[in-house]
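Heads up: the structure comes next, in structure tokens.
Just so it is clear, the structure is predicted and the values come from calculations on it, not from any experiment.
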Amino acid sequence: MPVQPTFLTTPIYYVNAQPHLGHAYTTIAADVYARHMRQRGEDVFFLTGTDEHGDKNARVAAELGLTPQAFVDRNSANFLRMTEDVRATQDFFIRTTDEGHMRFVQDFLQTLKDNGHVYEGTYEGLYCTGCEAFYKEEELVDGLCPDHGTKPEWLQESNWFFRLSAFQQPLLDHYDAHPDFVSPQSRFNEARSFISGGLDDVSLSRASIEWGVPLPWAPDQTCYVWFDALLNYASAMTYARPGEDLTARYWPPRWQLLAKDILKFHAVIWPAMLMGAGYALPQRLMIHGYLTVRDTKMSKSIGNVLDPFAVIEAYGVDALRFYLLRDVRFGGDGGISYEAVHERYHSELANDLGNLVNRVIAMIGKYRDGVIPDARCETGIANAVELAREAIGRHVADMELTEALEAAWSVVRDLNRFVDARAPWVLAKDPALAAELDEVLYTLADGTRACAILLAAVLPDSAPRILAALGAGDDVAWEQAAPNLLAAGAQTAATGPLFPRVEEPLGSAAP
RNA sequence: GGCGGCGUAGCUCAGCUGGUUAGAGCAGCGGAAUCAUAAUCCGCGUGUCGUAGGUUCGAGUCCUACCGCCGCUACCA
């Protein structure tokens with residue numbers, strides 16, 4: 001199979017806030033895809049990072065007595081640490097304050113202008129200085145800013161505009177020619193109908209905001225933060241590897257992941273910008289939904305969200321990764337809770353998978369002195385592995401991560417069924433059945449090994465531990481996700497429980 | 001208001017272009033087994049498929065109306 005370049009991105013996260021579950025969610029999903037494609041031997045470039053310009057940051061920095069740069073340095077570091085905490089394996093962590101990025105933004109804007117897509121105009125409206133944004137009258141609450149409760153002022157400023165309106169037809173043409181441009185389908189329809197409803201030009205600059213990228217032809221204005229931010233996906237190609245331009249190798253992105261709240265920026269403005277500058281468009285955008293905390297009578301406290309770091313601490317990072325992709329169909333909205341984490345962790349990770357590994361290792365230890373017998377994988381299990389491998393490959397490629405996990409889990413369930421059906425403890429009592437016992441034990445060890453490969457992208461901590469326990473080495477290459485590849489004679493190694501039981505769900509004893 | 005979507009077992013949800021007795025997981029009940037983190041396996045659901053009509057030989061699956069919920073309806077990340 002030829003090595004394919006695979007460029008995928010998460011949005012860059014706005015450093016004004018602390019990293020939270022939403023950030024972790026997108027990052028984890030992207031990481032699962034990246035790890036999977038690396039298993040398949042593809043040439044992956046996984047990009048994530050932070051969005052650092054905008055007046056909001058400058059103001060908060062001032063309140064804290066920091067320079068804007070010091071402030072974003074500190075907060076960006078929190079996001080970088082978050083990617084490490086969830087075991088994300090990005091190939092580059094971009095920051096919009098990077099010199100390489102800012103230079104690219106200026107070049108890009110100049111290209112847009114040279115191509116005739118930028119003009120000077122006047123923007124006027126009700127402006128809230130707190131929000132750094134214009135409001136329509138109907139958006140105000142009693143004539144006041146809905147966020148700040150202050151009275152917006154009528155402001156008029158000269159801005160530079162991007163001729164988005166000119167791209168309505170080209171965008172529609174692209175949507176019609178690429179029916180899988182935006183997933184899920186409902187988001188595709190939403191974006192397309194938005195475009196067909198008519199596009200207005202958008203201002204791409206701000207006057208009187210200093211914390212940003214100056215327009216190359218009008219340094220008194222800075223680039224509107226969204227233009228600045230969107231361009232990270234392209235700018236990273238030019239400087240992520242010093243002295244090397246990766247654009248030819250990776251562009252365009254195969255997948256760009258984002259949550260539904262920023263659909264229009266990515267599905268309308270972003271492709272139009274790329275068209276205007278002569279870039280190829282991303283192949284596919286994956287729009288995922290919101291994780292909502294279940295509205296139970298129990299949770300009275302406001303802002304009682306699920307803390308991903310608390311879950312990692314209590315259950316391990318694999319549990320968080322598994323839970324988020326398993327319990328909520330990737331792409332849609334879904335309710336989450338600490339109780340559900342607790343249930344999934346025990347019923348599936350601990351009982352189904354963890355206990356499977358444990359019982360297999362125990363039986364091989366007890367009946368064969370911890371040596372993998374010389375036998376062949378039973379055909380039913382072998383077929384199940386082959387089927388799951390095919391299904392998972394297909395699902396992950398289409399960013400159907402929940403479905404992929406379901407396909408992997410069916411093999412785990414098959415293996416547990418197989419244990420009971422063949423009852424090795426009965427076979428062990430009759431020396432005449434030694435060959436059958438060998439086959440059963442080999443099948444269990446080999447099948448469990450294959451499951452570890454199938455799940456390695458989701459469970460980066462546990463999969464290698466399973467392989468080690470089975471004496472199966474540490475190669476998680478996708479070709480290994482096939483039956484009969486466990487070497488006979490390998491020595492198993494006892495391990496503690498992979499997923500030790502946890503007494504109480506988080507949040508059950510709130511102070 | 002306009003456009004779009006959703007409403008399926010106690011819970012969370014699958015059900016592609018209409019076609020055998022509507023499915024899965026969890027929870028619950030009963031049983032088996034003992035290798036294992038008391039984990040596992042087997043069996044058990046008469047569900048008005050939101051409501052009322054319609055098209056069809058046949059409709060969760062298409063059409064209409066209605067009820068309920070939700071998203072989008074241009075520049076706060």
Checklist outcome for this item: A:M363 CE to B:C41 C1', in whole Å, measures 13 Å
Checklist entry - Under the criterion ring pair (Phe, Tyr, Trp, His ring centres under 6.0 Å), which of A:F167, A:Y233, A:F227, A:F265 is the partner of A:W270? => result A:Y233
Checklist outcome for this item: Result for 5'-nearest mapping on RNA chain B, choosing between A:P497 and A:Y13, is A:P497
Item to check | Short side-chain N/O contact to B:C72 OP1/OP2 from A:K260, under 4.0 Å | outcome: no
Checklist outcome for this item: Closest to the side chain of A:R359, out of B:C35, B:A77, B:U37, is B:C35
Checklist entry - Can you check the A:L263 CG to B:A77 C1' distance for me, whole Å? => result 15 Å
Checklist entry - Contact class for A:R413 (heavy atom, under 4.0 Å): base, sugar-phosphate, or nothing? => result sugar-phosphate
Checklist entry - Under a 4.0 Å N-O cut-off, is there an ion pair linking A:E390 with A:R394? => result yes
Next on the checklist: Between B:C35 and B:C41, how many Å separate the two C1' atoms, rounded to a whole number?
Outcome noted: 13 Å
Checklist entry - What integer distance in Å separates A:E406:CD from B:C26:P? => result 10 Å
Next on the checklist: Would you measure the distance from the P atom in B:G45 across to the matching atom in B:G30 and give it in whole Å?
Outcome noted: 16 Å
Item to check | Beyond-backbone contact of A:V311 with A:Y323, side-chain heavy atoms, under 4.5 angstrom | outcome: no
Item to check | Nucleotide of B:A77, B:A39, B:C35 approaching A:K366 most closely (side-chain heavy atoms) | outcome: B:C35
Item to check | N/O (side chain, A:R344) to phosphate O (OP1/OP2, B:C26) under 4.0 Å | outcome: no
Next on the checklist: Work out how far the P atom of B:A9 is from that of B:A14, and round it to whole angstrom.
Outcome noted: 12 Å
Checklist entry - Which nucleotide sits closest to the side chain of A:R417: B:U37, B:U40, B:C42? => result B:C42
Item to check | C1' gap between B:A32 and B:C6, integer Å | outcome: 43 Å
Next on the checklist: Give me the distance, rounded to whole Å, that separates B:U20 from B:A59 when you measure between the P atoms they each carry.
Outcome noted: 11 Å
Next on the checklist: Can you identify which nucleotide, out of B:U37, B:A77, B:C35, has its nearest atom closest to the A:W425 side chain?
Outcome noted: B:C35
Checklist outcome for this item: Its glycosidic angle compared against 90° from 0, B:G60 adopts the form syn
Next on the checklist: Looking at A:E400 and A:R329, is any side-chain nitrogen of the basic one under 4.0 Å from a carboxylate oxygen of the acidic one?
Outcome noted: no
Item to check | Donor/acceptor link under 3.5 angstrom from A:N416 side chain onto base of B:A39 | outcome: no
Item to check | Gap between atoms CZ and C1', on A:R394 and B:C16 respectively (whole Å) | outcome: 13 Å
Checklist outcome for this item: Pairs under 3.5 Å (Watson-Crick or G-U), crossing ones as [ ], inter-strand ones as |: RNA chain B comes out as (((((((..((((.....[...)))).(((((.......))))).....(((((..]....))))))))))))....
Item to check | salt_bridge(A:R95, A:D51) N-O dist < 4.0 Å | outcome: no
Next on the checklist: If only side-chain N and O atoms count, and only distance matters, is there a donor-acceptor pair under 3.5 Å linking A:T222 with A:H53?
Outcome noted: no
Checklist entry - From the list B:U40, B:A36, B:G71, which nucleotide is the closest neighbour of the side chain of A:N351? => result B:U40
Item to check | Selection from B:C26, B:A77, B:G71 that lies nearest to any side-chain heavy atom of A:E190 | outcome: B:G71
Next on the checklist: I need the CZ-C1' distance between A:R422 and B:U40, as an integer number of Å.
Outcome noted: 17 Å
Checklist entry - Given the P atoms of B:G43 and B:A65, what is the spacing between them in whole Å? => result 46 Å
Item to check | Side chains of A:Y14 and A:T50, donor plus acceptor under 3.5 Å | outcome: no
Checklist entry - Between atom OH in A:Y290 and atom P in B:C69, what is the gap in whole Å? => result 21 Å
Checklist entry - Rounding to the closest angstrom, what is the interatomic distance between B:A22 and B:C42 at atom P? => result 23 Å
Checklist outcome for this item: Judged by nearest nucleotide, the residue sitting upstream toward the 5' end of RNA chain B, A:N358 or A:E348, is A:E348
Item to check | Interatomic distance where CG belongs to A:D420 and C1' belongs to B:U40 [whole Å] | outcome: 5 Å
Just distance, no hydrogens or angles: give the donor-acceptor pairs under 3.5 Å from side chains in residues 360-373 of chain A, sequence neighbours left out.
unit_1	atom_1	unit_2	atom_2	d
A:R368	NE	A:D438	OD1	2.6
A:R368	NH2	A:A434	O	3.2
A:R368	NH2	A:D438	OD1	3.0

Checklist entry - Contact class for A:I12 (heavy atom, under 4.0 Å): base, sugar-phosphate, or nothing? => result nothing
Checklist entry - Which nucleotide sits closest to the side chain of A:R187: B:U37, B:G25, B:G71? => result B:G71
Checklist entry - If the C1' atom of B:U34 is compared with that of B:C49, how far apart are they to the nearest Å? => result 42 Å
Item to check | Gap between atoms CG and C1', on A:L356 and B:A38 respectively (whole Å) | outcome: 17 Å
Next on the checklist: Using a heavy-atom cut-off of 4.0 Å across all strands, would you classify A:G496 as base, sugar-phosphate, or nothing?
Outcome noted: nothing
Next on the checklist: Looking at A:E436, I want to see if its CD is surrounded by more than 12 non-hydrogen atoms of other residues, nucleotides or ligands under 6.0 Å.
Outcome noted: yes
Checklist entry - For A:L199, which contact category applies under a 4.0 Å heavy-atom criterion: base, sugar-phosphate, or nothing? => result base
Item to check | Residue A:D261, side-chain atoms from C-beta onward, closest of B:U40, B:G25, B:A77 | outcome: B:A77
Checklist entry - Counting only heavy atoms not in A:Q169, do more than 12 fall under 6.0 Å of its CD? => result yes
